[in-house]
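We name chains A, B, ... by the order of the sequence lines, and we start the count at 1 in each one.
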2 protein chains.
Amino acid sequence: MLAGYYHEASDHVPVNRSMEDARLREPTIHDIAQLARVSVGTVSNVLNSRQSVREELALRVTNAATKLGYRRNLNAASLRSNQTDTIAAVVPNIENAFFAELVSAIERLGVADRRGVMFLTTGEDEDRARRQIHGLISRRIDGLLLVPSFDFLPMIPELQRYGVPVVLLDRVEARNPLPTVAVDNRQAGRLGGNHLFEAGYRRVAFFGHGHERWILNQRREGFLDAARAASALELCPAYELSLEPAEIRETTVRILEQGARPEAIFAASNIAAKGVIPAIQSLGLKVPEDVGLLVMDDFEALTLLNPAITVVAQPSQRIAEVGWRMLRSLIDGEDLEEPHVRLLATLIVRGSTNRRSGRRSGR
Amino acid sequence: MLAGYYHEASDHVPVNRSMEDARLREPTIHDIAQLARVSVGTVSNVLNSRQSVREELALRVTNAATKLGYRRNLNAASLRSNQTDTIAAVVPNIENAFFAELVSAIERLGVADRRGVMFLTTGEDEDRARRQIHGLISRRIDGLLLVPSFDFLPMIPELQRYGVPVVLLDRVEARNPLPTVAVDNRQAGRLGGNHLFEAGYRRVAFFGHGHERWILNQRREGFLDAARAASALELCPAYELSLEPAEIRETTVRILEQGARPEAIFAASNIAAKGVIPAIQSLGLKVPEDVGLLVMDDFEALTLLNPAITVVAQPSQRIAEVGWRMLRSLIDGEDLEEPHVRLLATLIVRGSTNRRSGRRSGR
DNA sequence: ATGAAAGCGCTAACAT
DNA sequence: ATGTTAGCGCTTTCAT
């Protein structure tokens with residue numbers, strides 16, 4: 001044996017790798033062990049601050065690691081330890097500002113928590129979603145935060161088998177086999193409705209789009225709660241549900257042109273808003289004098305419009321935080337005290353629902 | 001040896017892991033091999049369609065794999081093969097629509113190419129960026145697409161040492177030690193300038209913001225090229241550079257209130273636009289009659305405004321495609337025929353620069 | 001407290 | 001064409 005991997009004494013060590021080429025190869029804990037004259041076990045313990053190691057040895061190890069420019073090979077580590085320090089977040093897309101915020105918040109949590117985060121989008125495509133999740137299983141991620149954009153039920157047994165805990169975010173129904181975190185959509189609808197009725201609007205049209213019927217219904221119920229409370233129910237019959245994005249614009253135009261034109265519009269999602277706003281503009285109607293406007297889901301364009309649009313905002317940051325905490329509990333094998341969390345939406349009043357003062361400058 | 005890894009018959013098959021608990025454990029290629037009565041080598045060959053395997057055996061293997069619900073352990077595979085089938089994309093943030101598009105495009109390429117993509121953002125924070133990249137090295141990713149938002153030069157030796165090829169996107173200077181793909185910012189500035197001057201505007205103010213001085217200068221040079229060509233140079237002295245987003249609004253107001261008010265504004269980035277637009281609104285000026293507006297970098301809000309805003313758009317999709325192709329070449333050990341690619345920006349004319357016809361409805 | 005050695009699941013080199 | 005086996009870099013168990 002020509003050039004022992006360890007020093008000459010021991011002899012179960014590769015021949016073909018001496019210290020010389022440790023400068024060329026990616027350094028391993030063996031290189032560190034050799035340089036610091038300790039065993040690989042000790043190196044591992046020091047680097048992961050696991051067991052108590054004599055301070056002097058620990059110093060030798062960290063010095064050697066720095067000197068060699070060592071970077072832990074997480075693939076090797078997780079092969080052995082069965083954890084990857086990686087969690088994944090799957091959302092429908094990131095062009096939607098709400099998901100972009102959610103994803104950003106999750107990433108910040110990951111950085112703070114020293115865990116890697118893998119983001120994937122499904123593009124609302126079931127097949128792609130399936131492949132993405134298979135990829136995640138192959139990478140043996142520690143956990144998954146998922147905004148369902150497809151029928152994920154068939155995936156549950158597989159995820160379970162591979163020990164991947166899942167927390168569902170945002171698009172979740174009442175009863176769910178997995179833990180969930182979402183906004184209270186009924187409260188959100190009520191919040192928006194109350195504001196409109198309190199602002200003096202009576203005949204209010206409610207527009208949604210049809211990606212998630214169940215959520216939309218919740219928002220609508222909340223809106224109707226508010227209408228009932230304001231005794232405005234009979235005055236606001238003009239609401240429409242589950243329109244496709246493209247249809248929303250046409251429908252809005254049609255409804256705004258009819259005899260008893262709605263005094264205000266509740267756009268129940270940002271996609272709905274993108275149909276409603278051009279419709280209002282195309283008719284040359286002024287907001288908020290001719291028609292009031294309230295949108296659910298904040299996004300940047302709404303603050304750039306003149307007047308800026310009043311919104312009911314989802315607490316994306318809080319959703320991320322609570323979801324993250326729940327997922328961590330599951331990863332640590334703890335039980336969840338409350339597997340279904342609903343968070344409150346908040347109202348941000350801007351110019352578009354200021355009925356009394358009429359249009360004001362953008363200031 | 002009490003409990004051999006392998007079982008009695010062939011003597012190298014697990015004892016403590018019989019077929020029974022293969023239903024409980026995560027299945028491995030050993031389980032498949034046993035069930036299909038072939039060797040692990042053959043299983044590996046079939047699953048990775050590497051060598052020619054007799055069709056009957058191949059079928060037995062794939063059947064067994066399906067039956068067991070097998071998912072390849074990529075960590076183990078890459079430990080051995082030194083490739084992870086994963087590339088990473090690092091961008092400053094994803095709230096910026098341009099980066100969101102870039103990231104989405106990269107992910108689509110990843111799906112098509114059957115590679116995992118890890119996204120990370122730096123939040124323009126150097127320290128966070130460093131940690132993110134260390135995390136990527138620890139995961140031994142195959143390659144990196146990076147939008148620099150920090151001084152990445154010190155990271156290059158480390159990335160090189162760990163054999164991670166890098167392609168820089170978007171924010172890149174003239175001479176760069178790494179391959180780059182970006183829009184031709186000078187051409188983009190020229191394109192926007194030409195359009196404004198051709199539309200009849202003479203006194204045009206140019207606003208940028210200061211995150212990437214070099215890029216901004218390029219856009220400004222292009223704009224000045226156009227001014228020179230239109231002999232409008234002496235008529236448009238009012239341009240400002242490198243303002244912070246917050247300042248841009250104030251500065252815009254100040255300049256629009258001065259005597260020889262600019263007839264049009266070229267907002268050289270989407271961040272600049274977010275200062276310029278509220279400024280124009282707050283003065284009650286009408287676009288495009290009182291002042292024309294052209295923005296570099298398309299984003300959604302610009303189409304929702306009335307009139308919609310004319311933009312010079314970056315080819316985010318193309319940038320992603322070219323960057324991806326270059327990275328793949330590097331991963332495959334090929335040489336790049338052209339390491340610095342510049343792509344053309346495109347002009348999208350909307351209502352905000354239609355000087356002659358004045359304001360029109362949003363249709 | 002430290003060292004030795006087994007082995008995680010896979011690929012690749014080699015043998016047949 | 002198929003089987004056998006070493007070993008990737010790490011963690012972990014067991015000795016000491």
Visitor: A:Arg37 has an atom CZ; how far is it from atom C1' of C:dT2, in whole Å?
Guide: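 So the CZ-C1' distance, A:Arg37 to C:dT2, works out to 15 Å.
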
Visitor: Roughly, in whole Å, what's the span from CG in B:Leu47 to P in C:dG9?
Guide: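 Taking atom P of C:dG9 as the reference, CG of B:Leu47 is at 15 Å.
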
Visitor: Output one line per pair: protein atom, nucleotide atom from nucleotides 10-12 of chain D, and distance, for all N/O pairs under 3.5 Å.
Guide:
residue, atom, partner, partner atom, Å
D:dC10, OP1, A:Tyr70, OH, 2.4
D:dC10, OP1, A:Asn73, N, 3.3
D:dC10, OP2, A:Ile29, N, 2.7
D:dT11, OP1, A:Asn48, ND2, 3.4
D:dT11, OP1, A:Arg72, NE, 3.1
D:dT11, OP1, A:Arg72, NH2, 3.1
D:dT11, OP2, A:Ser44, OG, 2.8
D:dT11, OP2, A:Asn48, ND2, 3.4
D:dT11, O2, A:Arg80, NH1, 2.7
D:dT12, OP2, A:Arg50, NH1, 3.3

Visitor: Using atom CD of B:Gln83 as one end and atom C1' of C:dC10 as the other, report the distance to the nearest whole Å.
Guide: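 It is 13 Å, rounded to the nearest whole Å.
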
Visitor: Does atom CD (A:Glu334) have a neighbourhood of more than 12 heavy atoms from anything else shown, all under 6.0 Å?
Guide: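 Enclosed.
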
Visitor: Figure out the CD1/C1' separation between B:Ile32 and C:dC10, and round it to whole Å.
Guide: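 Taking atom C1' of C:dC10 as the reference, CD1 of B:Ile32 is at 11 Å.
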
Visitor: How many Å lie between CG on B:Asp85 and P on C:dC10, as a whole number?
Guide: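 Taking CG of B:Asp85 and P of C:dC10, I get 14 Å after rounding.
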
Visitor: Closer than 3.5 angstrom, by distance alone: can the side chain of B:Arg128 be matched with the main-chain N or O of B:Thr121 as a donor-acceptor pair?
Guide: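 It does hold such a pair.
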
Visitor: Taking 4.0 Å as the cut-off, does a side-chain nitrogen or oxygen of B:Thr42 come that near to OP1 or OP2 on D:dT2?
Guide: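 No, no such contact exists.
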
Visitor: What is the separation between atom CD on A:Gln34 and atom C1' on D:dG9, rounded to the nearest whole Å?
Guide: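 In whole Å, D:dG9 C1' lies 15 Å from A:Gln34 CD.
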
Visitor: Tell me if the CD atom of A:Glu337 is crowded by more than 12 foreign heavy atoms within 6.0 Å.
Guide: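 Count not over threshold, so no.
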
Visitor: Examine D:dA1: is either OP1 or OP2 under 4.0 Å from a nitrogen or oxygen in the side chain of B:Ser52? Give yes or no.
Guide: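 The answer is yes; a side-chain N or O of B:Ser52 sits under 4.0 Å from OP1 or OP2.
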
Visitor: Only one of B:Val147, B:Val103, B:Thr122 forms a side-chain contact (heavy atoms from CB on, under 4.5 Å) with B:Val90, so which one is it?
Guide: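 The single option meeting the side-chain contact (heavy atoms from CB on, under 4.5 Å) with B:Val90 is B:Thr122.
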
Visitor: Around atom CG of A:Asp335, are there more than 12 heavy atoms of other residues, nucleotides or ligands at under 6.0 Å?
Guide: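 For A:Asp335, atom CG is not crowded (no more than 12 foreign heavy atoms under 6.0 Å).
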
Visitor: Report, one line per pair, each donor and acceptor closer than 3.5 Å where one atom sits in a side chain of residues 113-120 of chain B; sequence neighbours left out.
Guide:
residue, atom, partner, partner atom, Å
B:Asp113, OD1, B:Arg328, NH1, 2.9
B:Asp113, OD2, B:Trp324, NE1, 2.7
B:Asp113, OD2, B:Arg328, NH1, 3.1

Visitor: Nearest-Å distance, CG (B:Leu79) to P (C:dT11)?
Guide: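 About 11 Å, once rounded to whole Å.
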
Visitor: Give the rounded distance in Å between these two atoms: OH of B:Tyr162 and P of D:dG9.
Guide: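 Checked: the OH to P distance equals 11 Å.
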
